[in-house]
*Asks:* 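Questions regarding the structure given below will be posed in turn.
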Amino acid sequence: LLARPASTAAAPTNRLAIDLDKVEALVAKVTEIVANRSVSHGLVETLANTVGEMARVVTRLQSVAISLHYQITAQGRDSVAEPPAGALELETYGPIHQLLLQLQEAAADQQALVQGITDVVARKRALAAVETRLDTELQGALLNMRLLPLGHLRVRLDQVVRSTAAAAGREVRWTMEGQEVALDKHVCDRLFEPLMHLLRNCVDHGIEPPLERETRGKPRGGQITIRAAVEGNQAIISVSDDGRGIDPDRVATAAVARGLVTAEHARSLSTREKLDLVFLPGFSTAREVTEISGRGMGMDIVREICTRMGGSVSLGQRQGGGTMVTMQVPLSLSVVQCLITRESGRLLAIPASQVSAVQLVAPTAISRHRDGGLRLRLGSATLRLFLLPGSDATAITDAGEFEQRTVLLIPYHGERAAVLVDEIVEEEEQIIKPLPLLLQGVDRLLGAVMLGDGTPAPVLNLPPSITADRKSTRLNS
């Protein structure tokens, strides 16, 4: 007998490849449904308020009818003729009493109608709560389809490390911790370029040549570590090496040599501010231009990409030697916790992750500096105060002594700045709609959100606005 050939059929899997554009189109439709449903829920609440007012009107109408009945009875204004002798005595009403009875019956009918509408509104509210829960679960399920683990970039990054180490003559080991951290696909894709530049910098500028490391008592091979963790709705990604570290004074000297800052300005900078000079476009400490470094294009790209995503990046010394760069980016570019603010009658959305604190301050704490800008005195610190477009600076400094103002404290470049707003309406999680094609290059806007009443509101990206307008009072968002 012939042996039966082994089956070559592939084992069934539970995976289904779906084009991302289809998922995004579905998310857009669901977002539109949720926005319209929010408007519908708002109309139901408006109807509930109207019904409540109707109930108060009916109660007042009944009270007036009862008072009128007492007044007419007491004054005998509606007497009727006496019935003839021997006739059957029946309760009779005059014309005014009959009108009062009709009024009371109409009020009772109106009250029953109001009660019926109230019951319908109550059932609609219960249904709205179920709809909201289902909408949230549906949105979450769709958005989870767009998540990718950070480890998705590992193969491409490994090629970057290997090729850079071979070109620079370095021996390097690298590891990725927290590679299971899930990010929106758009965030994950945009992170590749910053991580690529950081790994190249670690290999070329941070890790010493093998002989130099042996002279310093280090292993021949350098160690680079990428760590990822989740804090709230933010991903914290750090890239560190055990190399020679970074000298703040050398950074300042290189910036002066390239004409990025003046020597006088460089001498006035703190250690953190000197380190931040590496993020300036055109900065490099390389003595010659190679395929890897020396072109002044690297760290400024890292900061720009992080800022465009509504995140931030910082540079510091690693304990025990070496350098650490930490990026903070949102887990998703679609769902963001927003502060809905009102400024000059307009509603604006600001990502809550960009705000370190909200303060109420007295107008006496606001003053005008000799450079024409505004300053905020907050405890022992003095912060630059920025205004959103449309704000009246004169009205701010001329406000009454006891009229407190709301300011948002925004961290940037290791410092803090304050942004004045008229009012914080609420804080809520929003799905951000992308900008149209003509506005996608505007780094001071992250997108737009649809509020509960159907009103659109732009989502501001404050850190780049503050960075660009440091010498101005007003943010030109």
Side-chain angles (χ1 to χ4, degrees), residues 14-48 121 123-150 152 181-191 230 232-235 308-311 329-341 347-354 425-440 442 445-461:
N14 291 327
R15 292 182 177 274
L16 177 64
I18 301 177
D19 188 82
L20 182 61
D21 291 338
K22 294 182 178 180
V23 177
E24 291 184 342
L26 186 57
V27 171
K29 291 297 183 183
V30 172
T31 303
E32 189 174 351
I33 291 174
V34 172
N36 291 331
R37 187 163 288 162
S38 297
V39 175
S40 175
H41 294 170
L43 294 176
V44 171
E45 293 304 317
T46 301
L47 177 61
V121 170
R123 291 196 297 271
K124 176 57 180 174
R125 279 175 171 167
L127 180 60
V130 176
E131 291 174 343
T132 301
R133 177 179 60 81
L134 294 176
D135 288 340
T136 302
E137 293 176 356
L138 179 58
Q139 285 179 339
L142 289 174
L143 294 174
N144 284 338
M145 294 173 64
R146 298 167 37 160
L147 297 182
L148 287 177
L150 186 62
H152 178 73
V181 170
L183 304 167
D184 187 285
K185 185 180 186 303
H186 292 302
V187 177
C188 200
D189 290 344
R190 294 187 191 186
L191 277 176
V230 176
N233 59 355
Q234 299 282 302
R308 283 182 178 271
M309 290 192 293
V329 295
L331 294 174
S332 172
L333 298 180
S334 300
V335 180
V336 176
Q337 195 75 15
C338 290
L339 291 177
I340 309 300
T341 65
L347 291 175
L348 304 171
I350 298 172
S353 60
Q354 296 184 358
V425 180
E426 60 182 337
E427 178 180 358
E428 58 183 17
E429 192 174 72
Q430 289 281 352
I431 293 183
I432 296 183
K433 290 179 173 289
L435 293 170
L437 186 61
L438 291 176
L439 295 178
Q440 287 183 359
V442 181
L445 289 176
L446 292 176
V449 297
M450 190 72 70
L451 303 180
D453 59 354
T455 304
V459 183
L460 303 185
N461 194 10

*Asks:* Do any N or O atoms from the side chain of S332 and from the backbone of D184 form a donor-acceptor pair under 3.5 angstrom?
*Replies:*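 Between the backbone of D184 and the side chain of S332 there is no qualifying donor-acceptor contact (under 3.5 Å).
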
*Asks:* Measuring from L183:CG to R190:CZ, what's the distance to the nearest 0.5 Å?
*Replies:*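 Reported value, rounded in 0.5 Å steps: 12.5 Å.
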
*Asks:* For I33 and L138, run side-chain contact (heavy atoms from CB on, under 4.5 Å): C-alpha distance rounded to whole Å, both residues' side-chain angles, the deciding distance at 0.1 Å, then the answer.
*Replies:* CA-CA 11 Å; I33 291 174; L138 179 58; over 6 Å; no

*Asks:* Which distance, rounded to the nearest 0.5 Å, do you find between the CD of E24 and the CE of M145?
*Replies:*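 Rounded to the nearest 0.5 Å, the CD-CE separation comes out at 11.5 Å.
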
*Asks:* In Å, rounded to the nearest 0.5 Å, how long is the span from CG of L347 to OG1 of T455?
*Replies:*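 Here the rounded value is 6.5 Å.
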
*Asks:* Any side-chain heavy-atom pair from L460 and L445 closer than 4.5 angstrom?
*Replies:*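 SC-SC contact between L460 and L445 confirmed.
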
*Asks:* Run the numbers on V449 and E428 for side-chain contact (heavy atoms from CB on, under 4.5 Å), then give the verdict.
*Replies:* CA-CA 11 Å; V449 297; E428 58 183 17; over 6 Å; no

*Asks:* Which atom pair, heavy atoms only, marks the closest approach of G310 to L446?
*Replies:*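 Heavy atoms of G310 and L446 come nearest at N-CD2, 3.9 Å.
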
*Asks:* Between K185 and H152, is there a side-chain heavy-atom distance shorter than 4.5 Å?
*Replies:*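 Sidechains of K185 and H152: no contact.
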
*Asks:* Can you check whether T132 reaches H41 side chain to side chain, under 4.5 Å on heavy atoms?
*Replies:*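 In contact.
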
*Asks:* Tell me the closest heavy-atom pair linking R125 and A48, and the distance in Å.
*Replies:*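 Looking at all heavy atoms of both residues, the closest pair is NH2-CB, 3.3 Å.
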
*Asks:* Start with the C-alpha distance between Q337 and Q234, add both sets of side-chain angles, then the distance that settles side-chain contact (heavy atoms from CB on, under 4.5 Å), and finish with yes or no.
*Replies:* CA-CA 11 Å; Q337 195 75 15; Q234 299 282 302; over 6 Å; no

*Asks:* How long is the gap from CG on L148 to NE2 on H186, to the nearest 0.5 Å?
*Replies:*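 Reported value, rounded in 0.5 Å steps: 10.5 Å.
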
*Asks:* Out of curiosity, L147 CG to L331 CG, how far, rounded to the nearest 0.5 Å?
*Replies:*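 Here the rounded value is 8.5 Å.
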
*Asks:* Are side-chain heavy atoms of T341 and I350 found at a separation under 4.5 Å?
*Replies:*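 Side-chain contact under 4.5 Å: yes.
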
*Asks:* What are the two closest non-hydrogen atoms of C188 and P149, and how far apart are they?
*Replies:*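 Heavy atoms of C188 and P149 come nearest at SG-O, 3.9 Å.
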
*Asks:* If you apply the rule side-chain contact (heavy atoms from CB on, under 4.5 Å), what do you find for Q354 with N461, and how did you get there?
*Replies:* CA-CA 8 Å; Q354 296 184 358; N461 194 10; 2.6 Å; yes

